[in-house]
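Taking it in order: structure first as structure tokens, then the write-up.
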Amino acid sequence: MSTTDLRAAGTTSSGAVSESTTNACRMCMPLGASLAFSGVEGTVPFLHGSQGCATYIRRYLISHFREPMDIASSSVGEDATVFGGESNLRQGIVNVTTVYKPKVIGVATTCLTETIGEDVGSMLRRAVDPDTGLAREFSVEPPILVHAPTPSYAGTHADGYQAAVASTVATIATEGETTDSITLLPGIVSPADIRHLREITDGFGLPTTIMPDYSERLDGVTVARYKKLPPGGTPVDQIRATGHARASVTIGGLTTPGVTIAGEVLAARFGVPHHQVPFPIGIRLTDAFCDLLTELSGNPMPEWLLAERGRLVDAYIDGHKYVAEKKAAVVGDEDLVVGLSAFLAEIGVTPVVIASGGRSGKLAERITACAPELEGRVEIMDDADFTMIQKAAEQAGIDFMVGNSKGYRTTRDLGVPLVRVGMPIHDRMGAQRVGHLGFRGTQELFDRIANALLEKQQNESPLAYSYM
Amino acid sequence: MTTVLSSRLGQVARAGDGSADIVCDKQSVAGSVSQRACTFCGSRVVLYPIADALHLVHGPIGCAVYTWDIRGALSSGPELHRLSFSTDLRERHVVFGGEGRLEDSLMELIERHHPSAAFVYVTCIVGVIGDDVEAVSRKVSERTGIPVIPVQSEGFQGSKRQGYDAACEALLRLIGTGSTEGIGKHSVNLLGDFNLAGEIWIIQEYLKRMGVEVVANLTGDGRVADISRAHGAALNLVQCSGSTTQLAKDMQKKYGIPFQKVSYFGLDDMAGALYGIAEHFKDPEMLARTRDLVAEEISQVLPVVEACRKDLEGKRAAIYVGGAFKAISLVKALRLLGMKTALVGSQTGNAEDYRYLRDLCDPGTIIVDDSNPSELSTFLAEEKCDLFVGGVKERPLAYKLGVAFCDHNHERKLPLEGFLGMANFAREVHASVCSPVWQFAPRFQSANPVEV
């Protein structure tokens, strides 16, 4: 029985009724939408809701990426809550346009505006209409306005991210003559991962639009003059062309039922062939990703990547004994934990507890598909919180956890190392540079895991050994 | 040039220009990318450090997630406040109401954690769907025997300030429910100190040495039982004036307790606060003890300040913090380090605070209410600041431009209150401003070419 079934039945695996959540394992939909919009060139994310949502989300993402992060709010107050927030939304768009001169404003709703029933789609159409629009009322020509519905109670941050990517292509993509290019839709990964994906598709000689691409906007350089709109992001022209790309490839894409992903939108609307692969973590899943790129490009794996693969196999073998037969807990977004679990399984670690705050209902099925050897040997929890995770980890007995900073408290209580991956990582430097994907990302993960275990062993050893 | 939205022009001024009062204490302008949060945030930050209470956020998950243990409010005992509890509302609750979910959550969590009281934070959506949180709280309180107190903190009510008021109202429901027996005449409550990095312990130590009894901490390292008897104290000390002045006024009205606004930041304000207390109690011996204490503490801190000042003299600083009272202390503290304040602002200051800042600051200093990244980053560059004092959201603005930074917010890991706090502040400012890394920042690059 999956955790979702247990929840629906009103019980958890421990048998107790659980209504509340303690120490959640997910964030809200508007956060994911803000992150995705940040990866579109010249875009300002804009939350239609009360002021706090934008500020909290900024604060949260800033402490992960350590970059300025401007997210606007329509600052809905009591009056607007009662009478509707259209004038706040319009005024907000005018002000953002005046100060930032953006190419796109990505408007995501919040639980407040969804619940009071704001028809944001119509409001935005009125805003750009020549008769009822901002140009007439305020003499301000609005940029492209994208609308993502993201009520916090309906899904997770990962769903909000996917909803924003889907809305962006749905609004901007156009028909046209099919190009040589593919569209790569990577899911929530680090800026370092996005840069690496770019290297890989370049390596296959495959023209690629990565959407969204916040690798530069959320991991930028120090500047002499501040740029209100940080450079980088997926160019709007390239997003237009996703409607007539040769194919689209979604990496991951597990979402709560009801949330459509961009690849599906492009397939349904423009007939762009859509491929979906798991996060390429570990050798098996990275091979699968590369096989797809070979199929799409007609080119074999480039030499340098083959060499990285070879070095990773070498590292696996050099380090296998230090990780062998260890037990781990894996925590994070669903797409990430699928990849991590498959990777851990192939190095001889059993991810005895696999948990996500996600609610796709497909987590167990995907894990079994990617790592069949885990079937029946692991506890898989979706819609989990850290109270459930800690209990399961205690029962199973774990040697380490792979997950974001939110696992710190649990690992501290259990006295085991936490290898930080995913988001948020806000108690360490370098979240932007954590590699997860490809042979290179896997290499980093493998070394970090092996070293965390060695460090623990060394700290606890009376031998104080200095050779291994 | 700085782009200030026309609707915000009244919220930006310069010291010494003699113009009208700064516009403040109003809802953020839509689309201005304000640095401040919402009513819920205001309530949550004030009540958060009451360590033996259950803090249940009634709403969808976001509000609870973003306030999970984000503040370094330390506790000398229980640490219930460091967990993040939410009713985690789903679509079906939005449609059918969340009262049942709230009641079950409260019962479940009270049984699991045995708190001394429970606070239920009402978020935007609960205000809209109209759950009767008051009725559920009353019911659960009767069943469990502990106070269950709703905090009317719907985010859309306004800015953080409305949240402070909601928190004060919640506290008022606890105060007066306990026995005041055995409370001495030289007794105080500490209002608006959140015990970040253990700061309240520094202040308590000073008070102990002066011979002053602390009845209740509202709210840093707070305990429900202490707060319930806070009405027996002889004096209220209001440290964060924005958040708890209203409570002090209400307690004065209801229980006749006078209050003093104090600041524990910087040498002048810290000493001033302690002298004010001693003078209030009109006890010559206490006054003498206070003089000795201040002299001794300052003598230990001054050498540190002097050493840092040598390198910092003449540097320019920008300040943007939550409360204006804190900003005032910071202007003085920076002056002690030989630094000039070029920009000072806050999220929630009132007209009186800003008038004081205008008088205090050198002519030309920019004074700003409810600012945003666009304005702050431009001012920072135009005013050629060497240091920015602010919080998490300001830090990357400074760093992106290659400007030093001092964290003076709820997440600081270093105590900045007290005399010792001034030494810490001086060291932190020095460590950042004088770091060699700035030579590589584009705005300084090529100033110091190295020949090899």
Side-chain angles (χ1 to χ4, degrees), chain A residues 17-24 26-28 30-31 46 49-60 62-63 66-78 80-81 88-89 91-96 98-100 110-112 115-116 151-154 220 222-226 228, chain B residues 3 5 7 27-41 56 59-62 64-66 68 83-91 93-94 101 104-105 108-109 124-125 127-129 155-159 373-374 377-378 381 392-393 395-397 399-402 441-443:
Chain A
V17 174
S18 189
E19 279 290 335
S20 61
T21 292
T22 303
N23 298 345
R26 63 189 159 85
M27 296 155 278
C28 71
L31 178 137
F46 185 116
S50 69
Q51 177 63 50
C53 305
T55 307
Y56 273 135
I57 287 168
R58 282 176 66 204
R59 186 230 153 273
Y60 214 76
I62 281 172
S63 72
R66 298 180 195 281
E67 286 287 325
M69 161 92 55
D70 291 4
I71 300 172
S73 169
S74 54
S75 300
V76 169
E78 194 131 33
T81 302
N88 282 58
L89 182 62
Q91 188 65 57
I93 291 169
V94 168
N95 285 340
V96 168
T98 307
V99 173
Y100 289 85
T110 61
C111 56
L112 173 65
T115 307
I116 62 175
S152 324
Y153 44 75
T222 306
V223 292
R225 295 182 68 85
Y226 191 76
K228 286 179 208 161
Chain B
T3 315
L5 288 165
S7 45
Q27 184 96 359
S28 297
V29 172
S32 68
V33 194
S34 166
Q35 302 289 92
R36 74 182 176 197
C38 58
T39 306
F40 165 73
C41 170
L56 176 62
I61 199 67
V65 165
Y66 306 131
W68 173 10
L83 300 176
S84 168
F85 301 111
S86 171
T87 51
D88 194 357
L89 294 185
R90 308 293 167 95
E91 213 137 23
H93 305 110
V94 176
R101 175 86 153 189
D104 291 347
S105 297
E108 173 187 55
L109 292 169
C124 283
I125 195 161
V128 172
I129 63 176
F156 57 74
Q157 272 187 34
S159 79
S374 164
S377 56
T378 322
V392 189
K393 295 186 296 295
R395 191 198 300 139
L397 295 177
Y399 285 172
K400 189 63 34 186
L401 281 164
R443 71 180 193 134

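Letters go in sequence order (proteins before strands), and every chain restarts at 1.
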*asked:* Out of Val392(B), Ile129(B), Val94(B), return the one with the most heavy atom pairs under 4.5 angstrom to chain A.
replied: Val94(B)
*Do you know which of Val96(A), Thr110(A), Ile62(A), Val99(A) has the most heavy-atom pairs with chain B at a distance under 4.5 angstrom?*
Ile62(A)
_Heavy-atom contact with chain A under 4.5 Å, split by part of Pro442(B)_ = both
_Thr55(A) side-chain N/O to Arg36(B) backbone N/O, donor-acceptor pair under 3.5 Å_ = yes
_Can a donor-acceptor pair be found, under 3.5 Å and without considering hydrogens, that links the side chain of Gln51(A) to the backbone of Ser28(B)?_
no
*Just by distance, do the side chain of Glu108(B) and the backbone of Glu19(A) share a donor-acceptor pair under 3.5 Å?*
yes
*Which one of Ser152(A), Gly220(A), Gly77(A) has the most heavy-atom pairs closer than 4.5 Å to chain B?*
Gly77(A)
*With only heavy atoms counted, which part of Leu109(B) is less than 4.5 Å from chain A, the side chain, the backbone, both or neither?*
side chain
*Relative to chain A, which of Pro373(B), Ala64(B), Gly62(B) shows the most heavy atom pairs under 4.5 Å?*
Pro373(B)
*With sequence neighbours left out, write down each residue that passes salt bridge (Lys or Arg N to Asp or Glu O under 4.0 Å) with Arg58(A), or none if nothing qualifies.*
none
*Going by heavy atoms in the side chains, are Asn23(A) and Trp68(B) under 4.5 Å from each other?*
yes
*Measure distances from Gln27(B) to the heavy atoms of chain A and classify the residue's part below 4.5 Å as side chain, backbone, both or neither.*
side chain
*Go through the atoms of Leu83(B) and report whether side chain, backbone, both or neither lie under 4.5 Å from a heavy atom of chain A.*
both
*Side chain, backbone, both or neither: which part of Thr87(B) has a non-hydrogen atom closer than 4.5 Å to chain A?*
backbone
_Partner residues of Arg66(A) under the salt bridge (Lys or Arg N to Asp or Glu O under 4.0 Å) criterion, sequence neighbours left out_ = none
